[in-house]
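Just so you know, ligand 1 is whichever comes first in the structure, and atom 1 is the first atom listed for that ligand.
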Amino acid sequence: MTSAPASSASSLRATLPGSAYTDPQVFLREQERIFESRWICAVRAADLPKPGAYRTVQIGRESVLVTRNRHGGLRAFLNVCRHRGARLCTAESGEVRRNLQCPYHAWTYDLDGRLVAAPNLSKMPDVGRAAYGLRAVALREWLGYAWVCLADAPPSFEETVIGAATERLGDPAAIERYDVAELALGRRITYDVRANWKLIVENFMECYHCATIHPELTEVLPEFADGLAAQYFVGHGALFGEEVKGFTVDGSAGFARLPKVAEAQDRRYYAVTVRPSVFVNLVPDHVILHRMYPLAVDRTVVECDWLYAPEVVASGADVSASVELFHRVNAQDFEACERTQPAMSSKAYRDGGVLVPSEHHIGGFHTWVRALLD
Ligand code: FES
Ligand code: FE
């Protein structure tokens, strides 16, 4: 067997080695340095409609409890009882009337995390209520989601979330016109993907695969068919095909353009991303937001929300033609990622693969990951 001469390989860029997608030690460092250190989009605020509503979400190795307090504000805590460490809330979501009570020995916390009661607490003067409150987690709201950060000193939200999301948009204010926080959830689909989270990010970043696996998407967005577009950052707004009436699976008309979306943004698809785990797609009548939660080196849960004008959802209008388009794209993408994952441990991929020119920007993602892990 002969190998390719070095000169022909030198213009090509390598991917990460296969072990980056299979090694539990690499995954552990990613959890520590990325998912437990950066701002992560956790919960749609509207999923916590009133005081006492809560959701639990896995961020890195931690279970995080997000709840709404008596004044209507969102709060996040580590989902761990300060007494002997029992998981406080075991359900994915629920609602309490006033307080959060540990099911083990009944220590009780209010919705701001303060320890307010425990059996025999008055006979235990050493157990300070202030000292044994729930461990708070930093929380910010943006686009109608609660974003949380497990770091003791979180990085700047403005720079690493808002700035990062908008820097590649031709007009950084463009995303504001979709009023994402005010939109209503039309559909949510959760995908349990048997692939490393970086394979999913890399797949999102390139459209070299679009012509091969996304027949419906390339019908609606013809420029994606040439394999050169980067699905990840479509800051200029990809134009709908001439015959296409809406961002739907069959090109049929969608709903009325969202009220503040500019004329120049009509009939265009924008994609923005917030590393490490959020992808936002903006089209004139709805917004699609993906959140990723890596659960293991080879398993990632992706939650995808389709958001519409509140009156569209309230009217009971059928949103399936638009949901179906990106649901198919997701299914096609995740099937490709799942086909790739088992080969990451093959000898053939020990030194990684190749980034062709239209994938070179994936190298920037690899540089970002490497810098955080070193
Ligand atoms: Fe929670 Fe004991 S572990 S009350
Ligand atoms: Fe794709």
Close-contact set for ligand 1 against Trp107 heavy atoms, below 4.0 Å:
4 (S)
Return yes if a side-chain donor-acceptor contact under 3.5 Å exists between Asp112 and His71, otherwise no.
no
Strictly under 2.8 Å, is any N, O or S atom of Cys81 next to atom 2 (Fe) of ligand 1?
no
shortest atom 3 (S) of ligand 1-to-protein heavy-atom contact is with Arg84 N, 3.3 Å
Is it true that some N/O/S atom of Cys102, main chain or side chain, lies under 2.8 Å from atom 2 (Fe) of ligand 1?
no
For the residue pair Arg44 and Tyr145, would you count it as a cation-pi contact if the rule is NZ or CZ under 6.0 angstrom from the ring centre and within 45 degrees of the ring axis?
yes
The Fe ion (ligand 2) as vertex, arms to NE2 of His214 and NE2 of His209: angle to 10°?
100°
If the cut-off is 4.0 Å to any non-hydrogen atom of Ala86, which atoms of ligand 1 fall inside it?
3 (S)
CE (Met344) and CG (Leu16) are apart, to the nearest 0.5 Å, by 10.0 Å
For Ala106, take its heavy atoms, then give the atoms of ligand 1 lying under 4.0 Å from any of them.
4 (S)
Classify the ring geometry between Phe334 and Tyr191 as parallel (under 30°), tilted (30 to 60°) or perpendicular (over 60°).
perpendicular
Considering just N/O/S atoms, say which atom of Asp333 is closest to the Fe ion (ligand 2).
OD1
Closest to atom 4 (S) of ligand 1 among protein heavy atoms sits His105 N, 3.2 Å
Working to the nearest 0.5 angstrom, can you tell me the gap between Glu303 CD and Cys41 SG?
9.5 Å
Give the ring-plane orientation class for Tyr269 versus Phe326, where under 30° counts as parallel, over 60° as perpendicular and anything between as tilted.
parallel
Between the side chains of Tyr21 and Glu202, is a donor N or O closer than 3.5 angstrom to an acceptor N or O?
yes
Restricting to N/O/S, name the atom of His83 that gets closest to atom 2 (Fe) of ligand 1.
ND1
Is it the side chain, the backbone, both or neither of Ala118 that has a heavy atom closer than 4.0 Å to ligand 1?
neither
Could you tell me how the ring of Trp197 sits relative to the ring of Phe365: parallel (under 30°), tilted (30 to 60°) or perpendicular (over 60°)?
perpendicular
